[in-house]
Amino acid sequence: MAQRLILRLPLKSATTTNAFRVPGRVAGHPNRAPLLFSRPFATSVGTGDYLSRKHSDQKDFVHGEPSGPKILTGTIPGPKTKAGLQNLDSLQDTRAATMMTDLDKSIGNYVVDLDGNTYLDLFCQIASLPLGYNSKALIDAAKSSEMIQMLVNRPALGVQPHSTWAKTLEDSFMSVAPKGLTQVFTAMCGSCSNETAYKAAFMYYQRNKRGFNSEISNEDLSTCMKNSGPGSPDLAIMSFEGGFHGRLFGSLSTTHTKALHKVDIPAFSNWVASPFPNLKYPLDKHQAENDKEEARCLAIAEDKMRPKSSGTPIVALIVEPIQSEGGDNHASPKFFQELRNLTKKHGVLMIVDEVQTGVGPTGDFWAHEAWNLTTPPDIVTFSKKFQAAGWYHRPELRTNAPYRNFNTWMGDPIRALQAKTILHEIKKNDLVGNAKETGAYLKKELSTIENKYPGTISAVRGRGTFMAFDLPTPETRDKFVTKLRALGVNTGGCGPHSIRLRPMLVFQKKHADIFLDAVEKVCKSA
């Protein structure tokens, strides 16, 4: 196999040793963490540095893409981006912003900022872009009479669904419904998908407790209005340490990533969290240790699920196929099958949170398909790359009365039409297969870099293009992300000290080559 070529960029000079730690204020906010104020690793030449990459002749999924990143400004963020963020900061908090995008100029796998800097984007609006920027298919769909009708006449779907809504559901969400789940509840975002799934689980539990078709008692109806039992029962959702399921009230009580997300917010104190396996990588070299770790976690999970005379009943368990925000933490298919067995044994519903893993990036349309469960999950939630949100479920999880799991919009037909178009493009171009093939190449090459620069990056892991690797400390991780951005490659962090890759489904080997060359350049500079 031909050796992968490396970017020919200037090495770090003695005068730029501290270029990534220059103090200062950014975007007009006194508490904004400084971003990047120098670009010793960036090229102003642009596409010429990338012409010799290995897969440059690969067929394009997106026509009109640039052939590589291009950095024009001497600082990142550049002056126009800083001015734009400063203007926005007068209206909204912009401290989390890393760039301000020029969507008119962005295309495919490349995002352009206000200063004209072009980045290969492997973060993709927090893992939510499936087809890239300015997808022709989505632009064409936006011009359709059906889309225009929904834009100007947004229906309250729960009370006045339009005549084509059933067909839209069939052509979009239900055409890829997880095995065994024949119903879909449409929602507005990933957090509210999980939130409304929890409500469904509680109502299902209470129906079974009182007799599935029994009437709700007057005592339940009266006490719930006072936020007291038995109408407002003490019930719990079980989650996992390191899991992330949203920032609303219920979903936040099942989120265990950053304390800053949770502090000052009242929580459901009886909702328990169980340890998630802390595996060693590469997985195939640590089988015995990892099996022992998973067995330990399963034993603790079962103990928490067991009914206790004085404890709060566990109604449902929620788990991510890969703990994404928590650090891209993996577990084996065997672990999830055993977890499913435990939920069945103890009468606990299993909710699989596919908000970030769903719609193809792992090389399976739904990441949990790789588990080969003997019985499907009870609920699967989704959002992100579907550009829509909601959850699939069994028919029994419908409420026993209208308006019980409800809001004005009950989803968005515009997003459902987008999802329909996204699915068409995924199937037409076998984009799930592309994620699997590109991901295998990316993982192999990243592992080579890991072995070449021991102590710099470690624990390369992932499925499909849904990948991550570790840096020694949070500080070295943040600096690595900054240096990649200076090279025109946009990534993001997760967990304490990991970098996660969340590219589009149209991310190909030729894009991977650019990313890999940038990673190696940063490793050389460390």
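Here the structure is a predicted model, which is why all the values come from computation and not from measurement.
Around CZ of Arg394, the count of heavy atoms belonging to other residues, nucleotides or ligands within 6.0 Å exceeds 12. The environment of NZ in Lys199 is crowded: more than 12 heavy-atom neighbours from other residues, nucleotides or ligands sit within 6.0 Å. In the displayed structure, Ile126 atom CD1 is contacted under 6.0 Å by at most 12 heavy atoms of other residues, nucleotides or ligands. In Tyr403, the OH atom is not crowded: 12 or fewer heavy atoms of neighbouring residues, nucleotides or ligands sit closer than 6.0 Å.
For the pair Thr381 (side chain) and Trp391 (backbone), a donor-acceptor distance under 3.5 Å is absent. Under a 3.5 Å cut-off, the side chain of Asp121 and the backbone N or O of Phe123 do form a donor-acceptor pair. No donor-acceptor pair closer than 3.5 Å links the side chain of Glu425 to the backbone N or O of Leu131. In this structure, the side chain of Tyr392 engages the main chain of Phe173 through a donor-acceptor pair within 3.5 Å. Between the side chain of Gln323 and the backbone N or O of Phe244, no donor-acceptor pair lies under 3.5 Å. No donor-acceptor pair closer than 3.5 Å links the side chain of Ser458 to the backbone N or O of Pro454.
Applying the side chain to side chain contact (heavy atoms under 4.5 Å, CB included) test to Ala367 and every residue at least two apart in sequence or in another chain returns Pro321, Glu354, Thr357, Thr362, Arg463.
Defined by atom type and a distance below 3.5 Å, a donor-acceptor pair is present between the side-chain atoms of Gln337 and Asn341.
Distance NZ/Lys262 to CG/Leu260: 12.0 Å, rounded to 0.5 Å. Taken from CD1 in Ile379 to CD in Gln183, the straight-line distance is 12.0 Å, to the nearest 0.5 Å.
Under the 4.0 Å criterion applied to side-chain N and carboxylate O atoms, Asp89 and Arg95 are not assigned as salt-bridge partners. A salt bridge does not link Glu289 to Lys292: none of the charged side-chain nitrogens sits closer than 4.0 Å to a carboxylate oxygen. A salt bridge links Arg500 and Glu325; the closest N-O separation between the charged side-chain nitrogens and carboxylate oxygens is under 4.0 Å. A salt bridge links Arg340 to Asp378: one of the charged nitrogens lies within less than 4.0 Å of a carboxylate oxygen.
Among Leu252, Val355, Ile351, Thr255, the single residue meeting the side chain to side chain contact (heavy atoms under 4.5 Å, CB included) criterion with His245 is Thr255. In summary, of the residues considered (Thr312, Ile237, Leu235), a side chain to side chain contact (heavy atoms under 4.5 Å, CB included) with Asn270 occurs for Thr312 alone.
In this structure, Phe386 and Phe382 have perpendicular ring planes: the angle between them is above 60°, well past the 30° mark.
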